[in-house]
Amino acid sequence: MKRLYIVGLGPGEERYLTAQARKALSDAQVLCGYTVYIELIAPLYPGKECLSTPMTKERERCRLALQSAQAGRTTALVCSGDAGVYGMAGPCLELAGEYPEVEIEVVPGVTAALSGAAVLGAPLMNDFAVISLSDLLTPWEVIEKRLRCAGAGDFALCLYNPMSKKRRDHLRRACDILLETRPPETVCGWVKNIGRRGQESRVLTLGALRDEGLDMFTTVFIGSSGTWEKGGKMVTPRGYEAKP
Ligand code: SAH
């Protein structure tokens, strides 16, 4: 059988790999992915052939993995967090029709929303929305509309890709949109390098988050109207109980 696993590795170190991901990686003859993740995973599974590509070449990476599986070598295409959350599962399945003999299995991983939430406490305890602030594949007007809708719905929010060198002001613009419906005291937080060396986190207000200088290795959490902070932990109530 010609098989391609698309594997979410979780946020960082080996301890975040699920048992299902470990099984797929040991089953594979070929490991394929962005250079940084291949370097992370290859020493744990010695003797496998490795195919790595630079960050931006996502479709090429998918093709490389599909071609490797098509040639009869069980292949694992790896990505960080979950493969189905801003990951490789979508683009790969879009191309899969061209490789009808390859059977694809998507292996879930711990996405940054969940690993980061655990660091901060329980910010996503009730209904929440996940929005990426990257406008590389989504027009900025669409991102703004989704931020407004999430604000109006009083969802707790998790923001991926909060800023990069080229997109310095996206987080500030997102905060300004949320400040239309939420007070500046709204409890927020961010976590950088989740599960990796140099992990850092902070709980702060929406007003302060607006001026925070972050980077693309950070995930941001914005509380709903009920979210509270105590002892550095961020908690969104499970229901309508009073704040402690
Ligand atoms: N598939 C990944 C997301 C890729 S999009 C997942 O499910 O987690 C890239 C964005 O994810 C980053 O800009 C950041 O906001 C977030 N992210 C991924 N890994 C992270 C980590 N270890 N620490 C902090 N943020 C992370």
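In what follows, residues are counted from 1 in the order of the sequence shown. In each ligand, atom 1 is the first atom listed, and ligand 1 is the first ligand listed.
Given atom 20 (C) of ligand 1, the protein heavy atom at minimum distance is Ala112 CB, 4.1 Å. Of the protein's non-hydrogen atoms, Thr218 O, 2.7 Å is the one closest to atom 15 (O) of ligand 1. Among protein heavy atoms, the minimum distance from atom 19 (N) of ligand 1 is reached at Arg196 NH2, 3.9 Å. With respect to atom 9 (C) of ligand 1, the closest heavy atom belonging to the protein is Asn161 OD1, 3.6 Å. Considering only non-hydrogen protein atoms, atom 7 (O) of ligand 1 sits nearest to Thr111 OG1, 2.7 Å. If you check which protein heavy atom lies closest to atom 16 (C) of ligand 1, you get Thr219 OG1, 3.3 Å. Given atom 2 (C) of ligand 1, the protein heavy atom at minimum distance is Ser80 O, 3.3 Å. Nearest non-hydrogen protein atom to atom 21 (C) of ligand 1 is Ile194 N, 3.6 Å.
Using modelled atom types, one finds a donor on one side chain and an acceptor on the other under 3.5 Å when comparing Ser225 with Asp154. No hydrogens or angles considered: a donor-acceptor pair under 3.5 Å links the side chains of Tyr160 and Thr111. With no hydrogens or angles considered, no side-chain donor-acceptor pair links Thr138 and Asp135 at under 3.5 Å. Side-chain contact of Ser132 with Asn161: a donor-acceptor pair under 3.5 Å is present, judged by distance alone.
Under a hydrophobic-cluster definition in which Ile, Leu, Val, Met, Phe, Trp and Tyr are linked whenever side-chain heavy atoms come within less than 4.5 Å, directly or via other members, Val203 and Leu206 are assigned to different clusters.
Taking the side chain as every heavy atom from C-beta outward, Gln20 and Pro108 approach each other to under 4.5 Å.
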Notebook entry, point to check: Taking it one step at a time, do Thr186 and Thr205 satisfy side chain to side chain contact (heavy atoms under 4.5 Å, CB included)?
Noted result: CA-CA 5 Å; Thr186 303; Thr205 64; over 6 Å; no

Next item on the list: Apply the test salt bridge (charged side-chain N to carboxylate O under 4.0 Å, His left out) to residues Arg197 and Glu13: give CA-CA distance (whole Å), side-chain angles for both, the deciding distance (0.1 Å), then the verdict.
Entry: CA-CA 9 Å; Arg197 214 175 322 123; Glu13 292 156 7; over 6 Å; no

Next item on the list: Please assess Arg3 against Glu105 for the test salt bridge (charged side-chain N to carboxylate O under 4.0 Å, His left out), listing each intermediate value before the final yes or no.
Entry: CA-CA 8 Å; Arg3 184 180 286 275; Glu105 187 177 328; 2.7 Å; yes

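By the 4.0 Å N-to-carboxylate-O rule, Asp211 lies too far from Arg172 to be salt-bridged with it. Using a 4.0 Å cut-off between charged nitrogen and carboxylate oxygen, Arg148 and Glu180 count as a salt-bridge pair.
Taking distance alone, with nitrogen or oxygen atoms compared against 3.5 Å, Pro11 approaches ligand 1 more closely than that limit. Residue Tyr160 has no N or O atom closer than 3.5 Å to an N or O atom of ligand 1. The shortest N/O to N/O separation between Lys192 and ligand 1 does not fall below 3.5 Å. No N or O atom of Gly87 sits closer than 3.5 Å to an N or O atom of ligand 1.
The contact set between ligand 1 and Pro162, taken as ligand atoms under 4.0 Å from a residue heavy atom, comprises 15 (O). Every atom of ligand 1 is numbered from 1 in the order shown, and the set under 4.0 Å from a heavy atom of Met216 is 12 (C), 13 (O), 14 (C). Of all the atoms in ligand 1, the ones that sit under 4.0 Å from a non-hydrogen atom of Val191 are 24 (C). In the vicinity of Asn193, heavy-atom distances shorter than 4.0 Å reach the ligand 1 atoms 23 (N), 24 (C).
The closest heavy-atom contact to atom 4 (C) of ligand 1, among the options Phe217, Tyr86, Trp190, Tyr16, comes from Tyr86.
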